[in-house]
Amino acid sequence: MKSNAIHAVVRCRKMSHVMRTYLKHIPGYRRLIRLLKVGESSRDFLLKAMPTNSICAEIGVDRGDFSRRILDIVRPMKLHLIDPWKYEQEQIYKNTLYGGALGGSQAHMDKRYQKVVKRFRLEIENGQVVVHRGYSYEVCNDFEDQYFDWIYIDGNHLYEFVKKDLELYYNKVKENGFMMGDDYVTGDWWQGGVKKAVDEFVARGGVTVIQIENKQFTLKRDSSTK
Ligand SMILES: C[S@@+](CC[C@H](N)C(=O)[O-])C[C@H]1O[C@@H](n2cnc3c(N)ncnc32)[C@H](O)[C@@H]1O
């Protein structure tokens, strides 16, 4: 089982969250993943295109693995981390990281939040990282219009939530800034909600599709003079 799991790591360019759950029983698995340079690398191309010293947000943080990539690759001036770390009990969330067995319980989610705060303690102290514990649609009011250079949307993937994230955060992103996000696919537990919301949002105008690759979407907010 142990060696099978290690081979699975090597083969996978991006590990699914479910696979992570199994692998984490192997002692030292995080270090192994880092050493093998697998895991998050399939999304690094997004970050390499983002400007250093930018102001950005990640909606949906979980354990902060992608947040770490953002800090290491982009080296932003300010990174806002937005997540309620709330255990969701409804059936629809039973296969998510924040429901069912993977979420565990509210006590687990509280611990996850505390670990993120600990993980980014230095960056929080020096003001580079700000953690907002709350739903993206609530936290949105914390920001001025046209504040962000770019945002990454990876919170609740159900259609109505992604739709709301796109609509609410559109005004918070600067003209010519970027709205990116994960899991632009059909199916899965969110029943293609990300893809549907993004496609509708693009069709209504005001953004240009820059790229769709590896399940990642990148939209650019058009300038008002376009
Ligand atoms: C897929 S995980 C995020 C993974 C993370 N971006 C990464 O790549 O490592 C989804 C996260 O979204 C959070 N979440 C769920 N609903 C949310 C909402 N309405 N606003 C913000 N975050 C939400 C969950 O608590 C969970 O931590």
Side-chain angles (χ1 to χ4, degrees), residues 12-21 23-24 30 33-34 38-47 50 56-74 76 79-90 92-117 119-120 129-143 148 150-169 172 179-185 188-190 193-194 197 214-217:
C12 279
R13 291 197 58 219
K14 180 189 175 185
M15 290 192 312
S16 72
H17 297 306
V18 174
M19 190 183 291
R20 260 177 199 279
T21 310
L23 290 173
K24 75 180 181 189
R30 282 184 194 281
I33 288 163
R34 270 202 304 277
V38 292
E40 300 300 321
S41 60
S42 64
R43 293 185 286 175
D44 285 357
F45 74 94
L46 290 176
L47 302 178
M50 293 299 112
C56 54
E58 181 185 12
I59 295 176
V61 176
D62 188 40
R63 293 167 174 81
D65 291 347
F66 194 60
S67 325
R68 187 68 261 165
R69 302 300 294 164
I70 295 172
L71 289 168
D72 291 347
I73 295 172
V74 180
L79 168 61
H80 293 269
L81 300 179
I82 301 166
D83 198 307
W85 285 284
K86 165 93 170 48
Y87 182 70
E88 302 290 357
Q89 306 206 6
E90 293 109 278
I92 186 125
Y93 298 111
K94 74 176 191 304
N95 292 324
T96 69
L97 292 168
Y98 48 98
L102 296 178
S105 64
Q106 188 52 51
H108 279 93
M109 297 305 286
D110 291 342
K111 268 199 201 124
R112 209 171 285 177
Y113 160 73
Q114 281 149 14
K115 278 189 180 171
V116 168
V117 170
R119 183 173 188 178
F120 299 113
V129 167
V130 182
V131 178
H132 305 256
R133 189 172 186 181
Y135 293 108
S136 48
Y137 50 85
E138 296 167 346
V139 167
C140 180
N141 298 320
D142 293 357
F143 310 109
F148 293 111
W150 60 274
I151 62 166
Y152 185 74
I153 300 173
D154 194 15
N156 189 325
H157 287 12
L158 290 177
Y159 167 74
E160 58 271 31
F161 288 86
V162 183
K163 181 176 189 289
K164 220 175 340 178
D165 281 346
L166 290 164
E167 287 172 359
L168 291 174
Y169 282 83
K172 305 298 174 187
M179 303 179 82
M180 307 188 292
D182 198 9
D183 293 318
Y184 178 93
V185 287
D188 221 311
W189 74 265
W190 56 91
V194 176
N214 284 354
K215 302 196 236 169
Q216 310 298 305
F217 64 88

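When a ligand or atom number is given, it counts from 1 through the structure's own listing order.
- Between the side chain of Tyr169 and the backbone N or O of Ser136, at least one donor-acceptor pair lies under 3.5 Å.
- Atoms of ligand 1 lying under 4.0 Å from any heavy atom of Leu97, numbered from 1 in the order shown and given with element: 1 (C), 2 (S).
- Heavy-atom contacts of Asp83 reach the following atoms of ligand 1: 11 (C), 12 (O), 13 (C), 22 (N), 24 (C), 25 (O), 26 (C), 27 (O) (cutoff under 4.0 Å).
- For ligand 1, the polar-atom distance check against Ser136 finds a nitrogen or oxygen pair separated by under 3.5 Å.
- Considering backbone and side-chain atoms alike, Tyr137 places every N or O at 3.5 Å or more from each N or O of ligand 1.
- The shortest side-chain heavy-atom distance between Gln114 and Trp85 does not fall under the 4.5 Å cut-off.
- Residue Tyr98 touches ligand 1 through its side chain alone, judged by heavy-atom distances below 4.0 Å.
- Atoms of ligand 1 found under 4.0 Å from any heavy atom of Glu58, numbered from 1 in the order shown, are 5 (C), 6 (N), 7 (C).
- Contact annotation: the side chain of Leu47 approaches that of Arg69 to within less than 4.5 Å [non-hydrogen atoms, C-beta and beyond].
- At under 3.5 Å, not a single nitrogen or oxygen of Pro84, backbone or side chain, sits near a nitrogen or oxygen of ligand 1.
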Evaluation steps, salt bridge (Lys or Arg N to Asp or Glu O under 4.0 Å), between Arg43 and Asp154: CA-CA 12 Å; Arg43 293 185 286 175; Asp154 194 15; 3.6 Å; yes
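- Atom OG of Ser42 is separated from atom CG of Asn214 by 5.5 Å, given to the nearest 0.5 angstrom.
- For ligand 1, the polar-atom distance check finds an N/O of Asp62 within less than 3.5 Å of one of the ligand's N/O atoms.
- Residue Val61 touches ligand 1 through its backbone alone, judged by heavy-atom distances below 4.0 Å.
- Of the polar atoms of Asp154, at least one N or O is found under 3.5 Å from an N or O of ligand 1, judged by distance alone.
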Residue pair Arg68, Asp72: steps toward the side-chain contact (heavy atoms from CB on, under 4.5 Å) verdict: CA-CA 6 Å; Arg68 187 68 261 165; Asp72 291 347; 2.9 Å; yes
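- Residue contact check: Arg43 has heavy atoms under 4.0 Å from atoms 7 (C), 8 (O) of ligand 1.
- Taking only nitrogen or oxygen atoms, main chain and side chain alike, His157 does not reach within less than 3.5 Å of ligand 1.
- Shown here are the side-chain hydrogen bond (donor to acceptor under 3.5 Å, both in side chains) partners of Tyr135, two or more places apart in sequence or in another chain: Glu88.
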Stepwise side-chain hydrogen bond (donor to acceptor under 3.5 Å, both in side chains) check, Tyr98 with Asp83: CA-CA 11 Å; Tyr98 48 98; Asp83 198 307; over 6 Å; no
